[in-house]
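First the structure, in the form of structure tokens, and then the observations on it.
All residue numbers refer to positions in the sequence shown, counting from 1. Atoms within a ligand are numbered from 1 in the order they appear, just like the ligands themselves. Below, each value reflects all heavy atoms present in this structure, side chains not excepted, and no hydrogens, waters or symmetry copies.
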Amino acid sequence: MKLYLDTADIDQIRSAVALGVVDGVTTNPSIIAASGLGYREAVTGIDDVVDGPIFAQVVGESADEMVEQAHRYQDWADDVVAKIPASRAGFEALARLRDDGVPAGSTVVFSVEQAVLAAKNDADFVAPYVGRLDDAGADGLETVRRMQRTFDRQEFDTDVLAASVRNTTQATALYEAGIDAITMGPDLLDAHVGHPKTDEGIAGFDEAWGDRGSPIEE
Ligand code: E4P
């Protein structure tokens with residue numbers, strides 16, 4: 001399973017990378033706008049601190065614009081994957097990018113049928129939005145479970161990359177369902193670290209050890 005960080009905040013990326021679990025970084029136009037960085041600046045800055053793919057979304061409405069941007073992103077870092085919205089123009093762009101050999105996948109995905117169109121285009125990933133599916137009155141987790149089951153049974157190479165994941169309950173349900181990949185904000189990754197009972201246990205051990213100093217001091 002791949003675990004990606006969903007942010008363009010370089011300090012937060014650096015701190016998450018130190019945990020040893022970050023396989024790459026996902027971004028979108030909202031995330032990059034919030035960072036105050038330009039698109040290229042964000043991608044190259046992330047590239048300096050992460051060993052793994054950087055997902056950069058295209059903007060605009062025509063397939064031509066999307067294809068041009070996805071090609072250009074390739075010049076900015078060694079491992080950039082273009083995120084293409086799952087619209088009609090987006091699927092057309094995806095098909096053209098596949099023919100051009102440019103890494104790309106579908107984002108803002110809300111249904112199994114959209115995901116299948118992306119997989120049939122040999123997309124590198126499809127990104128269903130769990131939290132936003134719930135917001136829309138659907139069952140986000142169940143939609144993603146069905147997507148993953150479909151991909152496994154059809155033996156599609158495309159990764160199901162769960163996005164818009166908001167809490168550890170959703171994240172652990174996705175791990176249990178055998179999700180190919182997940183992306184999460186730094187806060188959600190932080191929520192994976194530690195546990196109140198772990199803190200209590202550590203405090204108890206520290207208290208028992210008292211002022212005896214480091215175990216390696218003779
Ligand atoms: C995924 O790549 C998206 O950037 C992200 O997960 C969307 O999440 P949101 O619904 O919290 O904006």
Side-chain angles (χ1 to χ4, degrees), residues 1-10 12-13 16-17 21-39 42-43 45-47 50 52-60 66 69-70 73 77 79-87 90-91 93-94 97 103-112 114-115 118-119 123-145 147-148 151 158-175 177 179-192:
M1 187 196 80
K2 302 284 194 314
L3 192 156
Y4 301 120
L5 203 64
D6 202 28
T7 183
D9 183 311
I10 306 293
Q12 289 188 312
I13 295 170
V17 164
V21 299
V22 175
D23 293 305
V25 169
T26 57
T27 65
N28 63 37
S30 314
I31 286 173
I32 294 185
S35 75
L37 301 170
Y39 237 83
V43 169
I46 295 167
D47 190 44
V50 170
I54 302 161
F55 296 77
Q57 193 164 324
V58 297
V59 294
M66 296 179 197
Q69 291 163 26
Y73 296 167
D79 196 358
V80 182
V81 183
K83 294 173 70 178
I84 314 292
S87 60
F91 287 121
L94 200 58
L97 290 166
S106 276
T107 191
V108 208
V109 170
F110 280 78
S111 70
V112 175
Q114 286 177 316
D124 289 284
F125 71 90
V126 295
Y129 277 27
V130 177
R132 293 197 204 185
L133 273 156
D134 287 346
D135 293 344
D139 183 335
L141 282 176
E142 188 50 24
T143 305
V144 176
R145 282 193 201 100
M147 209 174 277
Q148 184 70 61
F151 278 34
T158 301
D159 278 351
V160 178
L161 195 179
S164 189
V165 181
R166 295 184 179 154
N167 55 55
T168 52
T169 304
Q170 290 174 336
T172 53
L174 292 163
Y175 304 146
I179 196 76
D180 293 318
I182 184 170
T183 187
M184 65 186 71
D187 289 352
L188 180 50
L189 180 59
D190 280 346
H192 283 54

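Only the side chain of Tyr129 comes within 4.0 Å of ligand 1, judged by heavy-atom distances.
Remark: of the listed residues Ile179, Asp135, Leu141, Asp139, Leu141 is the sole one forming a side-chain contact (heavy atoms from CB on, under 4.5 Å) with Val130.
The aromatic rings of Phe110 and Tyr129 lie tilted to each other, with the angle between the two planes from 30° to 60°.
Between the side chain of Asp124 and the main chain of Gly105, no donor-acceptor pair closer than 3.5 Å is present. Within the 3.5 Å criterion, the main-chain N or O of Gln57 finds a donor-acceptor partner in the side chain of Tyr73.
Closest protein heavy atom to atom 11 (O) of ligand 1: Ser164 OG, 4.0 Å. At the shortest separation from atom 12 (O) of ligand 1 among protein heavy atoms lies Arg132 NH2, 2.7 Å. Among protein heavy atoms, atom 4 (O) of ligand 1 sits closest to Asn28 ND2, 2.6 Å. Protein heavy atom nearest atom 2 (O) of ligand 1, with residue, atom name and distance: Lys83 NZ, 2.7 Å. Looking from atom 1 (C) of ligand 1 to the surrounding protein, the closest heavy atom is Ala163 CB, 3.3 Å.
Atom OG1 of Thr168 sits about 11.5 Å away from atom CG of Leu189, to the nearest 0.5 Å.
Using a 4.0 Å heavy-atom cutoff, Asp6 is listed among the residues neighbouring ligand 1. Residue contact annotation: Met184 has no non-hydrogen atom under 4.0 Å from ligand 1.
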Step-by-step side chain to side chain contact (heavy atoms under 4.5 Å, CB included) determination, Met1 to Ile182: CA-CA 8 Å; Met1 187 196 80; Ile182 184 170; 4.2 Å; yes
